[in-house]
Engineer: 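My questions will all concern the structure given below.
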Amino acid sequence: MSYFVDEVIVPETLDGPGADDFRAFVTVRNTVEAGVVGNDVLTMQAHELLPAFRSNPQRARRLFTVSVDGAPVGRAMVTTRPLAAGAGADLVVDVLPAYRGRGIGAALLDHVEGIGRAAGAPALQSFVAHSVVAGGDRIASPTGYGDLPAGDPGVRFLRAHGFVLEQVARISVLELAGLEARLAELRAAAQAAAGDEYRLHTWQGPTPAEWLDELAVLRTRMSTDAPMAGMTVVPDPWDAERVVAHDDRHFAGGRTVLTTAVEHAPTGRLTGFSEIEIPSSGATAHQGDTLVLRDHRGHRLGMLLKAAVTQELLERAPQIDAVVTFNAEENRPMLDVNEALGFRPMGFEGAWQKRVEVAGE
Ligand SMILES: CC(C)(COP(=O)(O)OP(=O)(O)OC[C@H]1O[C@@H](n2cnc3c(N)ncnc32)[C@H](O)[C@@H]1OP(=O)(O)O)[C@@H](O)C(=O)NCCC(=O)NCCS
């Protein structure tokens, strides 16, 4: 059997040249992911991914498919950070189940690894969902929290190619039906604990001009404050312009973002935020970032933000019946909030890394 690796150039629109190749890439992504997690909650439409998969000043992306007899059976993507020499390259490789075990995954990985190395990335990284299998041989997370089934095809593949498991994240789902009363109670209790100094602001869509600089601070802190275990992390600086560009990309993809931020009234500064992405079709929303700045932790602001943004979701997007979220297994403060809200584990994601020699060092 012969197969070919083709580069997919992300098209301008889904009506013009290259659109079918991009759609094929997305179909392989969604088919493999749904097969691994056992449902389609992580599925995204081609038009939603189009602006996200295009390169931007902070992220350079290259996409590939592998075809057998003209039909795409695998895909790979590599993301590098042109402005951050010390950052890792992010890789993903998917092969349709019927075409596995023939070296296609290895060929794709070799291809994208080469691009990551050529970009000078000191670490090759991969964040990948793994199948849920209870018992059997396990690979423990070095954090001490969480493990993965050793027999999962992705786990076998990454280990065989020199990747090391650094962290396990829990994928959880919150069913929204019948949640109103619980959310109101949790929000009221959190607001009482937080006191009068903190007040909430919610918006749907682009960040209001008055909060652009503040959001840039919070997003910059998100890049360093979320627990990332042994993964190589370098700060990812944001400014108002980048916040606008980021919001524009969501808008272009047809997803709406609902954001609740908390202002520390005495200083007028935003001290935390939580966002939920509402898809253009389908009934599962995605929890985006949630952050409370270190100096303001311990005031129940995490619960206040999440209860409030979920309440807003119920009101503004009645078509949504569930929210999915990813949290590091060692991130107890965030898991405590999510468990109290009613999130239940659905699957697991591994954060994998392979350190590489960087030329000249
Ligand atoms: C992980 C994944 C990409 C592997 O794809 P693949 O095409 O099966 O990869 P390969 O064929 O290169 O390797 C898979 C196995 O086939 C074996 N193999 C490779 N070429 C072979 C050949 N010609 N004949 C027989 N076996 C072969 C490999 O040794 C490997 O064996 P093992 O894992 O059973 O020990 C695929 O299972 C997948 O898409 N999983 C879900 C997503 C995922 O986990 N991605 C990986 C993280 S980025």
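Both ligands and their constituent atoms are indexed starting at 1 by order of listing.
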Engineer: Please set out all donor-acceptor pairs under 3.5 angstrom arising from side-chain atoms of residues 146-154, sequence neighbours excluded.
Structural biologist:
{"residue": "D147", "atom": "OD1", "partner": "R138", "partner atom": "NE", "Å": "3.2"}
{"residue": "D147", "atom": "OD1", "partner": "R138", "partner atom": "NH2", "Å": "3.1"}
{"residue": "D152", "atom": "OD1", "partner": "S131", "partner atom": "N", "Å": "3.0"}
{"residue": "D152", "atom": "OD1", "partner": "S131", "partner atom": "OG", "Å": "2.6"}
{"residue": "D152", "atom": "OD2", "partner": "H130", "partner atom": "ND1", "Å": "2.8"}
{"residue": "D152", "atom": "OD2", "partner": "G154", "partner atom": "N", "Å": "2.8"}
{"residue": "D152", "atom": "OD2", "partner": "V155", "partner atom": "N", "Å": "3.0"}

Engineer: Please name all residues satisfying ring pair (Phe, Tyr, Trp, His ring centres under 6.0 Å) with H264, sequence neighbours left out, ordered by chain then number.
Structural biologist: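 Testing H264 for ring pair (Phe, Tyr, Trp, His ring centres under 6.0 Å), a comparison that skips the adjacent residues, returns Y198, H296.
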
Engineer: Exactly which residues line ligand 1, taking a heavy atom under 4.0 Å from it as the test?
Structural biologist: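 Within the 4.0 Å shell of ligand 1, which is judged on heavy atoms, sit V32, V36, V92, V93, D94, V95, R100, G101, R102, G103, I104, G105, A106, S126, V128, P153, G154, R156, F157, L158.
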
Engineer: Does any non-hydrogen side-chain atom of R29 lie less than 4.5 Å from one of L49?
Structural biologist: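 Contact flag for L49/R29 side chains = yes.
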
Engineer: Give me the other members of the hydrophobic cluster that L341 sits in, counting Ile, Leu, Val, Met, Phe, Trp and Tyr linked by side-chain heavy atoms under 4.5 Å, directly or via other members.
Structural biologist: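 L341 clusters with L174, L176, L179, L183, L186, L258, I276, I278, M303, V309, L313, L314, I320, V323, M334, V337, F343.
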
Engineer: Scan side-chain atoms only and decide if T65 and D6 contain a donor-acceptor pair under the 3.5 Å cut-off.
Structural biologist: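 Distance-only check fails for T65 and D6.
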
Engineer: Would you check if there is a donor-acceptor pair between the side chains of H250 and T256 at a distance under 3.5 Å?
Structural biologist: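 Their side chains do not contain a donor-acceptor pair, so the 3.5 Å distance test is not met.
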
